[in-house]
Amino acid sequence: MKIATFNINGIKARIETLPRWLDEAQPDVALLQEIKSVDEAFPREIFEERGYTVETHGMKSFNGVAILSKLPLEDVTRGLPGDDNDEQARYIEATVMGERPIRVCGLYLPNGNPAPGPKYDYKLAWMKRLQARAETLLAQEEPFLMAGDYNIIPQDEDAAKPEDWQEDALARPESRAAYRRLLNLGLTEAFRARNKMAGMYSFWDYQAGAWNRNNGIRIDHFLLSPQCADLLLDCQIDKEERGRSKPSDHVPVWIDLAA
DNA sequence: ATGGTCGCTGGGCGA
């Protein structure tokens, strides 16, 4: 089973790019971030006619996540538990009913800039809630994954120019420590588990010719529970998408599971 | 080089 994560940076702007990528890459499941659309305006027919079930958790203008799946979805939940006052649409979960059911959590972790400040406090608080959710799911000892735009550069090798990011919310020590605490629960970061080579990125800024200079960062990740990691066959980045017409500033990352 | 470029939206914010 092929599961992908893709921060599309606006469904309206990706109305041709996204279906073309789906037709070529043929993921069974696609976790989308930054749909930047309310649920009612999401063009679900485009995906349904390709055989996908569509579940969205959107809001006006910003953020928004979605799950596309060729397999049935059960127990869809929207929003990250732990703060009833959080109105930002950044999290969705569902169980993919393949031969082995897998709980998938699609997330758009807060950017957190400028740091320090209230936006950074929100990011760290959100990561604490994500930690709690991971602990709850781990206790069930079933296959699950948390994937999406983490807005975290895990290590210096995950940035072309790490010196540019030292004070940034994506790479500050508190950000990296919170991400490391997640991993230390026993989750496997799929790309690092399957690729030894550094210099692989998932985001290139639109500004200052970042793509042409390969000035990228790796911030889109798959974290797998032990039972899910046992099924991991491969993890790759569809880097070439960034060089095509009307690209998102992120590219898809995908895993292949023996499930 | 304190800029640069996108997307959503309809002015300015977010990234």
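Just so we're on the same page: letters track the sequence lines, and every chain starts at 1.
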Would you give me the side-chain donor-acceptor pairs under 3.5 Å for residues 179-187 of chain A, sequence neighbours excluded?
residue	atom	partner	partner atom	Å
A:N184	ND2	A:R180	O	3.3

TODO: Output all residues satisfying side chain to side chain contact (heavy atoms under 4.5 Å, CB included) with A:Q26, sequence neighbours left out; order by chain, then residue number.
DONE: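 If we apply the side chain to side chain contact (heavy atoms under 4.5 Å, CB included) test to A:Q26, skipping adjacent residues, the hits are A:K70.
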Open item on the list: Holding to side chain to side chain contact (heavy atoms under 4.5 Å, CB included), I want the full list of residues that pass it with A:D230, two or more places apart in sequence or in another chain.
Closed with: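 With sequence neighbours excluded, A:D230 shows a side chain to side chain contact (heavy atoms under 4.5 Å, CB included) to no residue whatsoever.
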Open item on the list: Through direct or indirect side-chain contacts below 4.5 angstrom among Ile, Leu, Val, Met, Phe, Trp and Tyr, which residues connect to A:M97?
Closed with: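 Other cluster members: none.
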Open item on the list: Which Ile, Leu, Val, Met, Phe, Trp or Tyr residues join A:Y120 in one cluster when any pair of side-chain heavy atoms under 4.5 Å counts as a link?
Closed with: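 Joined to A:Y120, directly or through intermediates: A:L124.
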Task: Nucleotide B:dG7, atom C1' - distance to CD1 of A:I15 in whole Å - done: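 Atom-to-atom, A:I15 to B:dG7, this comes out as 14 Å.
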Open item on the list: Just to verify, what does A:F62 make a ring-ring contact (aromatic ring centres under 6.0 Å, His included) with, not counting sequence neighbours?
Closed with: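 Testing A:F62 for ring-ring contact (aromatic ring centres under 6.0 Å, His included), a comparison that skips the adjacent residues, returns none.
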Task: A:W211: ring-ring contact (aromatic ring centres under 6.0 Å, His included) partners, not counting sequence neighbours - done: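 Checked A:W211 against ring-ring contact (aromatic ring centres under 6.0 Å, His included); matches are A:W204.
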- [ ] Kindly state which residues belonging to residues 238-245 of chain A come within less than 4.0 angstrom of DNA chain B, counting heavy atoms of the residue only, listed by number.
- [x]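 DNA chain B contact set from residues 238-245 of chain A: none.
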- [ ] Kindly state which residues belonging to residues 208-216 of chain A come within less than 4.0 angstrom of DNA chain B, counting heavy atoms of the residue only, listed by number.
- [x]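 Heavy-atom cutoff 4.0 Å gives no residues at all.
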Task: Per-nucleotide protein contact string for nucleotides 8-15 of chain B (B base, S sugar-phosphate only, - none; heavy atom under 4.0 Å) - done: SS----SS
Distance, [atom1] atom - from [M] to [N], rounded to whole angstrom:
N	M	atom1	answer
B:dG14	B:dT9	P	14 Å
B:dA1	B:dT5	C1'	16 Å
B:dG7	B:dG3	P	22 Å

TODO: Quick one: pull up CD in A:E93 and CG in A:L31 and give me the separation to the nearest 0.5 Å.
DONE: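 Nearest 0.5 Å value for the CD-CG distance: 11.0 Å.
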Task: Pair listing, ring-ring contact (aromatic ring centres under 6.0 Å, His included) test, anchored in residues 24-49 of chain A, at least two apart - done: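 For residues 24-49 of chain A, and leaving out neighbouring residues, the ring-ring contact (aromatic ring centres under 6.0 Å, His included) pairs sorted by first residue read A:F42-A:F47.
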Task: By side-chain hydrogen bond (donor to acceptor under 3.5 Å, both in side chains) - contacts of A:W254 (at least two apart) - done: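 If we apply the side-chain hydrogen bond (donor to acceptor under 3.5 Å, both in side chains) test to A:W254, skipping adjacent residues, the hits are A:D238.
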